Number of protein chains: 4
Amino acid sequence: MTESGQQVEKAKRLPRAVRERQILDAAVTVFARHGYHPASMDEVSEVAGVSKPMIYSYLGSKEDLFLQCIRREANLLIDTVQAGIDLDVAPDMQLWTGLRAFYGFVADHRESWTVLHQQALAVGGKFATEITALREHAIAMVTKLVVSQGSRKGLAEQAEFSGEGLAAALVGAAEALADWWLDRPDISPGVLASWLMNLTWLGFNDLVEGQVWRPTDA
Amino acid sequence: MTESGQQVEKAKRLPRAVRERQILDAAVTVFARHGYHPASMDEVSEVAGVSKPMIYSYLGSKEDLFLQCIRREANLLIDTVQAGIDLDVAPDMQLWTGLRAFYGFVADHRESWTVLHQQALAVGGKFATEITALREHAIAMVTKLVVSQGSRKGLAEQAEFSGEGLAAALVGAAEALADWWLDRPDISPGVLASWLMNLTWLGFNDLVEGQVWRPTDA
Amino acid sequence: MTESGQQVEKAKRLPRAVRERQILDAAVTVFARHGYHPASMDEVSEVAGVSKPMIYSYLGSKEDLFLQCIRREANLLIDTVQAGIDLDVAPDMQLWTGLRAFYGFVADHRESWTVLHQQALAVGGKFATEITALREHAIAMVTKLVVSQGSRKGLAEQAEFSGEGLAAALVGAAEALADWWLDRPDISPGVLASWLMNLTWLGFNDLVEGQVWRPTDA
Amino acid sequence: MTESGQQVEKAKRLPRAVRERQILDAAVTVFARHGYHPASMDEVSEVAGVSKPMIYSYLGSKEDLFLQCIRREANLLIDTVQAGIDLDVAPDMQLWTGLRAFYGFVADHRESWTVLHQQALAVGGKFATEITALREHAIAMVTKLVVSQGSRKGLAEQAEFSGEGLAAALVGAAEALADWWLDRPDISPGVLASWLMNLTWLGFNDLVEGQVWRPTDA
DNA sequence: AATGAATGAGCCTTCATTCAT
DNA sequence: AATGAATGAAGGCTCATTCAT
């Protein structure tokens, strides 16, 4: 009050775009904290510092709000991973950089990851559809890498294996490791990614025999 | 009438244990159908064919009820898998038989699996704790196999890998594959288990080069 | 307490049918007092001496509740009027007795009449449909009387008049007179009915006998 | 720019009177569409193409707005009917021309009629008072005609009839016929008016000439 | 042993109304 | 003069839980 004429106590009357972001941020926090159903619009409005009618006016119903949270975070995840992949290197390195970017995202956006991974699926309906699409996106990316590696090695796909199945397993392993990681924050994203590479790309048996997969460069 | 004090005229009046099973069965169905929060005690009582006060009298609150569902199904899962593992064979075969038993359980108890895997975690609190314990049980089992295989091969655990981390990833992959499988019922449990063995035990790269892991006997 | 062991303070735990009647009675009162939209379920529950969940459990939503009020009162009105008509007398006397019964109903059930006449139509939707049906029932009854009187007098219906239109006007006049009457309670139902008979029946009789009023010029 | 200080660049900035008319027009439309309570100020502002604060600034609260709608439309109705009556002709012709003008108004201003007849009464309070006044105005006009016709015929008002009651019935019949007419637009206002004249005036004339209908027995 | 009857509490949603620009 | 931004207050509806029979 002595140093600055600027009063901060009333930061009201903000433009719509800003408020919408505030609300979505708050919603992600609250949905991550309680899950969809137990989360109350009251708590969202409180955390956002905005009255409930604004939420309804700007973002629509609770369902709409949740959906927009999911979409925003899902897109952020996709963009982050895609930006982290170096397309000019060998398939294994592409996978590794993608995984590293993925774990980076999880570390930087724990709430987003919680909402996407633990909450949205359980609710079902439109939300599960959205998450399923996200996962299928990931599986498709991994499948492409797997197939391209197969080609490089001059191998036609073996009938008894499903590239998509393997990719689904790999993606599931990556997700599970992310959850496991949440309580062990002292491990770096790169290390996690390496574990997965060694487990799935190289195989446990090779590991046992002393072979280790390592990033060629970064 | 002379031989038995039990009268037949009361089709009701079932012994407590039977009622409790009826109720738990109904609860699993309803929780799998809607998830914990949206599920209503009314629907449980309706599906169980039992009035609501009986549920409260026998099994306690909604939270208690859900907890007992989880525990019953978790124990069933553990028992089923444990019963499926042949302890007299090599570690890889133990893992394979365990996985096969796991997928058998998922196929035979879809509702149980849905409740355990998709719902309980999302609710958090005591429930998540319970599920986490279940998963840690699984991880511990797998870790033991992994370590024992390492010993057989005369290898000290390498510092840069966490047996538990690898096991967590493997368990996660197995769970993810179970979900992926729910929409593709034409694949047999054994085949799913083989995929996982090849992906994690043998490694994708070995696969590509023509090595394939196969069950030695069964 | 000294004179009677009977405690009246807690008249709870009544059978469903009784509660339903209590609730409907209260609802008619409240809807008549405020109209459909401003009426609150809270007030209905308060007037009924019953908690809100019972209303929803027994009668359904606010819309359902209103609809059932309308239907109950409409049927009561129809039954009352029909019971008041002596079918063995001449058409004019049938009309008169019907009107007298109608005004008797309005006098005895002011709230019912208010709900039926002033509120239900204004709300529109299903409710207006219901009221329209009631009115059409009344118009049909009157039309029958009008036509039978025409036949008695040996008159084919004249093309330039619509029996239904005349009946609608007559019914409207009767309703309007009922409203007008609400603030002048010292007039007896029979007198009101006589007024209407003199205004409309005498005119109608002239029509039947071939007299027609026509504009003299324009 | 030299001749006029008014700039053309502002398509907005309309004079207050114009804005008020816009708003009232929109309000009549919206109130006719939904009724008073379900109508929202948002919809009014949207239909009017004017922001909500302007409505409050120019016309006050929702209640004020509705009241001014009613008053404007009521005055329009009164003026229209009064303008349609030829005061130089016989009473029956005056009534007929008045009715014709009334039905002309209903045909030309359905929304106004809906608001006045179906909505305003149901809301009660000030609004019902306003409508009651309108109706009493109509009844007074008709009563005057009725009495003047009685005088022309040299008849003192008979004690057992209330000129006002008869007029109320006639007005009610006219209103009811207007509603009935809304779904049958192929009939001309003049024909409707004729029906009413035949139904009520002929009867009234008999009354004036001493004929009285009486119940034969009860 | 078993249940119909009953409710306190809370949540989603909307609306009339005003403030600050 | 004109409006986007903002909210207090209230209403419909549901649910887990218990009481009295």
Side-chain angles (χ1 to χ4, degrees), chain A residues 10 12-20 37-45 48-58 60-65, chain B residues 10 12-16 19 36-45 49-58 60-66, chain C residues 10 12-20 37-45 48-65, chain D residues 10 12-16 19 37-45 49-58 60-66:
Chain A
K10 280 217 171 184
K12 299 201 187 177
R13 214 51 57 135
L14 300 180
R16 174 167 182 153
V18 175
R19 285 291 192 220
E20 285 188 349
H37 279 107
S40 83
M41 296 299 271
D42 271 291
E43 186 171 352
V44 174
S45 91
V50 163
S51 71
K52 263 188 301 176
M54 294 238 64
I55 303 183
Y56 283 90
S57 163
Y58 284 172
S61 70
K62 187 183 186 183
E63 214 171 299
D64 294 337
L65 180 62
Chain B
K10 347 184 172 179
K12 315 248 183 127
R13 287 312 145 119
L14 299 180
R16 173 159 185 154
R19 283 283 194 227
Y36 176 70
H37 277 105
S40 81
M41 296 298 272
D42 271 294
E43 188 171 351
V44 173
S45 93
V50 163
S51 72
K52 268 188 295 176
M54 289 219 62
I55 302 182
Y56 282 88
S57 154
Y58 282 176
S61 69
K62 188 184 184 184
E63 217 171 296
D64 296 335
L65 180 61
F66 192 45
Chain C
K10 280 217 173 187
K12 299 202 186 177
R13 214 52 56 135
L14 301 180
R16 173 167 184 152
V18 176
R19 285 289 191 221
E20 285 189 351
H37 279 106
S40 81
M41 297 298 272
D42 272 292
E43 186 171 353
V44 173
S45 91
V50 164
S51 71
K52 263 189 300 177
M54 294 237 64
I55 304 182
Y56 284 90
S57 163
Y58 284 172
L59 282 311
S61 70
K62 188 183 185 184
E63 212 170 301
D64 294 338
L65 180 61
Chain D
K10 348 184 170 177
K12 314 249 183 127
R13 285 314 144 117
L14 299 181
R16 173 160 183 152
R19 284 282 193 225
H37 277 105
S40 80
M41 296 299 271
D42 272 294
E43 187 172 352
V44 174
S45 93
V50 163
S51 72
K52 269 188 295 177
M54 291 220 60
I55 302 183
Y56 282 88
S57 156
Y58 281 176
S61 70
K62 187 184 186 185
E63 216 171 297
D64 295 337
L65 179 62
F66 191 46

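Fair warning: this is a prediction, and the values are worked out from it, not measured in the lab.
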Visitor: Does a nitrogen or oxygen in the side chain of D:R19 sit under 4.0 Å from OP1 or OP2 of F:dA2?
Guide: yes

Visitor: Between C:E20 (CD) and E:dA6 (C1'), how many Å, whole number?
Guide: 15 Å

Visitor: Using atom CZ of A:R13 as one end and atom P of F:dA2 as the other, report the distance to the nearest whole Å.
Guide: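 Nearest whole value for this atom pair: 19 Å.
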
Visitor: Please work out which residues in residues 57-65 of chain C have a non-hydrogen atom less than 4.0 Å from an atom of DNA chain E and list them by number.
Guide: C:Y58

Visitor: Rounded to the nearest Å, what distance is computed from the CG atom of residue B:D42 to the P atom of nucleotide F:dT18?
Guide: 15 Å

Visitor: Which residue lies toward the 5' end of DNA chain F, B:M41 or A:P15, if each is placed at its nearest nucleotide?
Guide: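 Result: A:P15.
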
Visitor: Does C:Y56 place a side-chain N or O at less than 4.0 Å from the phosphate oxygens OP1/OP2 of F:dC13?
Guide: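 Yes, C:Y56 has a side-chain N/O under 4.0 Å of OP1/OP2 on F:dC13.
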
Visitor: In whole angstrom, give the distance that lies between atom NE2 of B:H37 and atom P of E:dG10.
Guide: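 That distance rounds to 14 Å.
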
Visitor: Base, sugar-phosphate, or nothing: which does B:R16 touch, judged by heavy atoms less than 4.0 Å apart?
Guide: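 No contact at all - B:R16 keeps every heavy atom at 4.0 Å or more from the nucleic acid.
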
Visitor: Return the CE to CD1 distance between A:M41 and A:I55, rounded to the nearest 0.5 Å.
Guide: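 Rounded to the nearest 0.5 Å, the CE-CD1 separation comes to 5.0 Å.
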
Visitor: Between P on E:dA2 and CG on B:L14, what's the gap in Å once rounded to a whole number?
Guide: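 About 7 Å, once rounded to whole Å.
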
Visitor: Let's see if you can work this out: which of F:dA16, E:dA6, E:dA2 has an atom nearest to the side-chain heavy atoms of B:S51?
Guide: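 Within the option list, the nearest is E:dA2.
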
Visitor: Might you point out which heavy atoms bring C:K62 and C:A39 nearest each other, and give the distance in Å?
Guide: NZ-O, 2.8 Å

Visitor: Rounded to the nearest Å, what distance is computed from the CD atom of residue D:E43 to the C1' atom of nucleotide E:dA16?
Guide: 15 Å

Visitor: So what does B:M54 hit on the nucleic acid, given a heavy-atom distance under 4.0 Å: a base, only sugar-phosphate, or nothing?
Guide: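 Result for B:M54 = base.
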
Visitor: Where the side chain of C:P53 is defined as all heavy atoms beyond and including C-beta, which of F:dA5, E:dG8, F:dG12 is the nearest nucleotide?
Guide: E:dG8

Visitor: Determine whether the side chains of A:S45 and A:D42 contain a donor N or O and an acceptor N or O closer than 3.5 Å.
Guide: no

Visitor: Nearest 0.5 Å, what's the OH-CG distance between C:Y58 and C:L65?
Guide: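 The distance works out to 14.5 Å.
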
Visitor: Can you measure B:I55 atom CD1 to E:dG4 atom C1' for me and round it to whole angstrom units?
Guide: 15 Å

Visitor: Specify the closest pair of heavy atoms between D:R19 and D:M54, including all atoms of both residues, with the distance to one decimal.
Guide: NE-SD, 4.1 Å

Visitor: How far apart are the closest heavy atoms of C:P38 and D:H37, and which atoms are they?
Guide: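 So the two residues come closest at CG-CE1, 3.0 Å.
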
Visitor: Stems in DNA chain E: runs of 3 or more consecutive Watson-Crick or G-U pairs, distances under 3.5 Å?
Guide: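 In DNA chain E, stems of three or more pairs: E:2-21 with F:2-21.
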
Visitor: Which residue, D:K52 or C:P38, contacts DNA chain F at a nucleotide closer to its 5' end, judged by nearest heavy atom?
Guide: D:K52

Visitor: Check side chain to side chain donor-acceptor pair (under 3.5 Å) between C:S40 and all other residues, then give those that pass, not counting sequence neighbours.
Guide: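 None.
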
